[in-house]
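Below is one structure; the comments refer to it alone.
Just so you know, these numbers use all the heavy atoms, side chains as well, and skip hydrogens, waters and symmetry mates.
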Amino acid sequence: MPSVSPVIRSPALRGRDAEQDILRRLVDGARGRSGGAMVLLGAPGMGKSAMLDFAVDQAEGFVVLRTRGVEAEAALPCAGLHGLLRPVMDRLPALPAAQAEVLAGALELGATGGGLALPASVLNLLAAVGRPVLACVDDVHHLDAPSREALFFAARRLAGERIVLLFGARDDSPAPEGVPELRLEGLGEDACRRLADDLAPEGLGAELRASLIEVARGNPLALGELVGSLSAAQVSGAAAPPDTLPPGGRLWRAYADRLARLPAETGDLLLLLAADPDLDTAALVRAAEPACALTLLEPAERAGVIVSAPGDRHDFRDPAMRAVVYAEASSARRRAAHRLLASVLDHDHQRLRRAWHRAVSLDGPGERLADELAAAAAAGSHGGYPAPWLAFERAAGLTARGDVKAARLAAAANRAWHAGLARHARSLLGRLCSLTVSEEVRGQAELIRGSLELRSGKTGSARDELLSAAGWLLDRDRGRAVRALLRASEASYLAGDNSRFLAIARQAATLRRPDDPAATQLMFEYLAGIAATFRGRHREAADPLRRVLELAPSVRNPSVLVWAGVASLLLGDDVRALGLSTRAVEAARVRGAVSAVPQVLEFMIQTEIWMGRYASVAANAVEGLRLARESGQLNSAGQHLAWLALTSAVEGDEETCRIRAGSAIELAGAHGLGVAGALGNWALAHLDLAAGRHAGAAKRLRATARADGTNGHLVVRVMATPHLVEAAVRTGEHEQARAALRVLDRWVGSTRSPDRLALAARCHALLAAPGEAEERFRDALDLHHQGLCEFETARTQLLFGSVLRRNRRPGAAREHLHSALETFERSGARLWTEQARAELRGAGEAVRSRGHKAAEKLTAQQFQIARIVADGATNREVAARLYLSPRTVEHHLRNIFAKLDIRSRVELVRLLS
């Protein structure tokens, strides 16, 4: 049996676990006379050389031979063999004389001789070294033909040898027949985040890191060069992040060298493609010589620079190449390309693109071009090229009038914010300071600043800035002024500051007019309905909330759909709320409103919590967390972390729940996020309740009533009431339970939701006298069976079964407990499953675990990870399936190995087989 090499993970090889495992197996195989070869294919900067370095690190006890193909030596026969084999030429006497002579002639004179003599001699020399051999050839595509053919010949004949041959080649190189290939694709998002942290010792802000990752597109070298190029202003957020590779860097030079080898006419066509990413083939042919345009693209296709793309287009194989093509051209050539593109685009249907090309080419007076571009951007679509914010920024750059320039910069900042580019938005707003700004533009800028602060800063500061914006805008842009008030109220909601929320709602009510447009009326009705709800006047809230639903179809905006979804939720119509939230997410994506998606998902998740759809909650919260981090919305990230903590609590994964809840509570404390802090505490309380720690749950839920030093977050407090009542009853705090239940009853009584009515009935059953409790539980179950939430039905069945068992009715108890157990097992709710089994055992039934014995030592999530890993999945694949990061999976695996007293994946497979 071959010995197993130690596991060495290089921090530079983030996201390459599967590839490292393949190379490690190759090296280990060679120790046991089962040699092999592999060609590593990848674009420049993808880490081929780093992977070869990794293989060398694994090759303890091997003779290591390395060389690199050099383009200048490609015409020198056997130059590659000379560089690779010189260290072992002292083994030539071990070969037959004829082979030794052939090999010596090849390395000294470049004589190939033809036939099998040279390749066979190379293979025999490697086999005669006397120890295992690892031979690595980087940039094999630059190797001279005789060397390449001899090494590939050897690579196909390594069975039974103690030899590993590894080749690194460019992604467009043809792989040799009969030699396995390993293609290095771009790194995943999590691996890029971790690599960025490795490269920046002080760490990068989440938004800046996301911007760099987007530009790097999974290329490790690109990410490294981008991090290294950052200025102090970019790191601090005072300047926008880079949007191209650093000019002059290794990757830039590699791309520029490849482009320089193409014919000049091909380069002209590539410049057209670089100047307009949406350019289709028909427009390209119109812009160039029709007879030869496509023919001239063929050299670029053969060189792997461009590929065919959907929509009858050509695109750059590596998107980073676009910026290199554009920047390497002279300014005169660039202007000529834009002028040519403007001439072939349709004036009516491609208005924004045409105006953009005219503006960039300076095809006319600057002010006239700026007006044309700004008008097109204001009327333009939400997708395609150029982005509206970029068009407004370009228009501002061509504008001399200070007030108009300021208005266009504010418009650019607003569009950039909605596109999820918070840093760009702040940078654009910063340029307003030196300009003459009208009061209307000042109000618009304050509204954008307040919105940015609302999503990424302190809620108190956001509220004040948004109220200030409303004051600036009230007499100039009434619709935006009311929107600013609504966002100020949202800041108070996020903080859990109900008194400030109600004060803003009262201020808004004084501004109502009967002739307000539908969108403005809807905002007023929404504030009125929420304010009445927060006062506990639920029947009074019903009319304005229903009015919101009536007005919603007349307005097309993701935020409006969200408000309508919240109105449905408060009225107890979960199905309608979910439908509206789903439409809001779709609308935000269609409009390119990236910044809105995490917020919309927050409300969709709240609906799904009421419906007990925890798997969907986890999926949406993972997406929301990713988008929130990428767009710099830390406050939204805090809520999504808290929702994920709650799903971990439901699963019974204590470790993950505590990590996620702790992060959410920490963010809440730093940013004044009462809602995130309350949600994090609720998740921990749910965990305590599932584990039977009722006193701990009661204590946490009491604290939730005063999350982050406020009077508490009412919405979370009401949602958590069933848990508080259960925990308080178990600890003898009946008065506290009754006080909390009165608040829940007032709301539930105003809805027709059977799920909510069932939860209230369950709470009353827990507080009822022994003779009344059973009837109350039956009422609760009748309501549950009319509703949608299977998980809460199972929770009620568990509690009812427990009461029946204590009342010495084990037969009746078992019926409910079995049903609860099935739901918990299907949901993967480990701790609730254990409670149901314990109650069944108490009811006189021997209950066997349906799982593997290893499951008894692992958490539910750890056992799930172990099963998937045992099936052969990589850490990245496990992470994708379970909505975790590869780092979390790796952490869980270490704990799994420790709990099961094993040391490798091989042992895990044996244990779980």
Give the intermediate values and the outcome of side chain to side chain contact (heavy atoms under 4.5 Å, CB included) for residues R333 and D268.
-> CA-CA 9 Å; R333 285 184 63 217; D268 290 338; 2.9 Å; yes

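- Contact check for P44 versus Y255: side-chain heavy atoms found under the 4.5 Å cut-off.
- Contact record, A300 with T266: CB-CG2, 3.9 Å, taken as the closest heavy-atom pair.
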Pair up each side-chain donor or acceptor in residues 445-452 with any protein partner under 3.5 Å, not counting sequence neighbours, and list the distances.
| from | atom 1 | to | atom 2 | distance (Å) |
| --- | --- | --- | --- | --- |
| S451 | OG | L447 | O | 2.8 |
| S451 | OG | R487 | NH1 | 2.5 |

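- Minimum heavy-atom separation, A370 to A395: CB-O, 3.5 Å.
- Applying the salt bridge (charged side-chain N to carboxylate O under 4.0 Å, His left out) criterion to R442, with sequence neighbours excluded, gives no partner residue.
- Counting heavy-atom neighbours within 6.0 Å of E214 CD, excluding the residue itself, gives a total of 12 or less.
- A396 approaches R408 most closely through the heavy-atom pair CB-CB, 3.9 Å.
- When all heavy atoms are compared, the tightest approach of A320 to L245 is CB-CD1, 3.6 Å.
- Remark: side-chain polar atoms of K48 are not paired, donor with acceptor, to backbone N or O of L184 under 3.5 angstrom.
- Within the 4.5 Å cutoff, the side chain of V39 has heavy atoms near those of the L41 side chain.
- Formation of a donor-acceptor pair under 3.5 Å by the R68 side chain with backbone atoms of D139 is not found in this model.
- No hydrogens or angles considered: a donor-acceptor pair under 3.5 Å links the side chains of E328 and W252.
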List the steps, then state whether ring-ring contact (aromatic ring centres under 6.0 Å, His included) holds for Y326 with H338.
-> CA-CA 11 Å; Y326 192 81; H338 285 289; 5.6 Å; yes

Would H314 and V307 count as a side chain to side chain contact (heavy atoms under 4.5 Å, CB included) if you check the C-alpha gap in whole Å, the side-chain angles of each, and the deciding distance to 0.1 Å?
-> CA-CA 6 Å; H314 287 81; V307 293; over 6 Å; no

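- Between E630 and R209, no side-chain nitrogen of the basic residue sits less than 4.0 Å from a carboxylate oxygen of the acidic one, so the salt-bridge criterion is not met.
- Rounding to the nearest 0.5 Å places CG of L284 at 9.5 Å from CG of L296.
- A salt bridge is defined here as a Lys NZ or Arg NE, NH1 or NH2 lying under 4.0 Å from an Asp or Glu carboxylate O, and R170 with D257 fails to meet this definition.
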Go through the steps to decide whether W417 and W389 satisfy the test side chain to side chain contact (heavy atoms under 4.5 Å, CB included), and finish with yes or no.
-> CA-CA 9 Å; W417 157 239; W389 74 266; over 6 Å; no

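- Remark: R626 CZ is packed, more than 12 non-hydrogen atoms of other residues, nucleotides or ligands lying under 6.0 Å away.
- Scanning for side chain to side chain contact (heavy atoms under 4.5 Å, CB included) contacts around C136 gives L52, V56, R66, L134, L166, with sequence neighbours left out.
- Between the CG atom of L435 and the OG1 atom of T399 there is a distance of 10.5 Å, given to the nearest 0.5 Å.
- Looking at S49 and D138, their side chains do bring a donor and an acceptor atom within 3.5 Å of each other.
- Considering D243, D315, D276 in turn, D315 is the only one that fulfils the salt bridge (charged side-chain N to carboxylate O under 4.0 Å, His left out) rule with R322.
- Residue A588 comes nearest to V597 through the heavy atom pair CB-CG2, 3.8 Å, listed as atom of the first residue, atom of the second, then distance.
- Using a cutoff of 4.0 Å between basic side-chain nitrogens and carboxylate oxygens, E372 and R358 are scored as salt-bridged.
- The side-chain heavy atoms of H357 and R354, taken from C-beta on, include no pair separated by under 4.5 Å.
- The side chain to side chain contact (heavy atoms under 4.5 Å, CB included) search around E185 returns R183, not counting sequence neighbours.
- Taking NZ from K458 and CG from L634, the interatomic distance works out to 11.5 Å, rounded to the nearest 0.5 Å.
- The distance from the CG atom of D278 to the CG atom of L341 is 11.5 Å, given to the nearest 0.5 Å.
- Side-chain contact between N635 and S456: absent, with no pair of heavy atoms (C-beta onward) separated by less than 4.5 Å.
- Put simply, the side chain of M321 does not reach to within 4.5 Å of the side chain of R317, judged on heavy atoms.
- For R339 (side chain) and S361 (main-chain N/O), a donor-acceptor pair under 3.5 Å exists by modelled atom type.
- For the atom pair CZ (R353) and CG (L345), the distance works out to 5.0 Å, reported to the nearest 0.5 Å.
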Taking it one step at a time, do L421 and V594 satisfy side chain to side chain contact (heavy atoms under 4.5 Å, CB included)?
-> CA-CA 9 Å; L421 303 172; V594 176; over 6 Å; no

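- With sequence neighbours left out, R431 forms a side chain to side chain contact (heavy atoms under 4.5 Å, CB included) with E393, L409, L428.
- Between V215 and L223 there is no side-chain heavy-atom pair separated by less than 4.5 Å.
- Within the model, atoms CG of L601 and CG of L627 stand 7.0 Å from one another, a figure rounded to the nearest 0.5 Å.
- Contact check for S173 versus V140: no side-chain heavy atoms found under the 4.5 Å cut-off.
- At least one donor-acceptor pair under 3.5 Å links the side chain of H640 to the backbone N or O of P598.
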Show your reasoning for whether salt bridge (charged side-chain N to carboxylate O under 4.0 Å, His left out) applies to R193 and D198.
-> CA-CA 9 Å; R193 282 201 300 266; D198 292 339; over 6 Å; no

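- With hydrogens and angles left out, the side-chain atoms of Q234 and R423 include no donor and acceptor closer than 3.5 Å.
- In this model, a donor atom of one side chain and an acceptor atom of the other lie less than 3.5 Å apart for S631 and Q633.
- Applying the side chain to side chain contact (heavy atoms under 4.5 Å, CB included) test to N557 and every residue at least two apart in sequence or in another chain returns R483, V555, S559, V560, R591.
- There is no side-chain donor-acceptor pair under 3.5 Å between R313 and T281.
- Residues L340 and A287 share a closest heavy-atom pair of CD2-O, 3.0 Å.
- Looking at D144, its side chain does come within 3.5 Å of a backbone N or O of A79 through a donor-acceptor pair.
- Of the possible donor and acceptor atoms, one in the side chain of R334 sits under 3.5 Å from a partner among the backbone N and O of A329.
- Two residues are said to be in side-chain contact when any heavy atoms from C-beta on lie closer than 4.5 Å; L454 and E465 fail this criterion.
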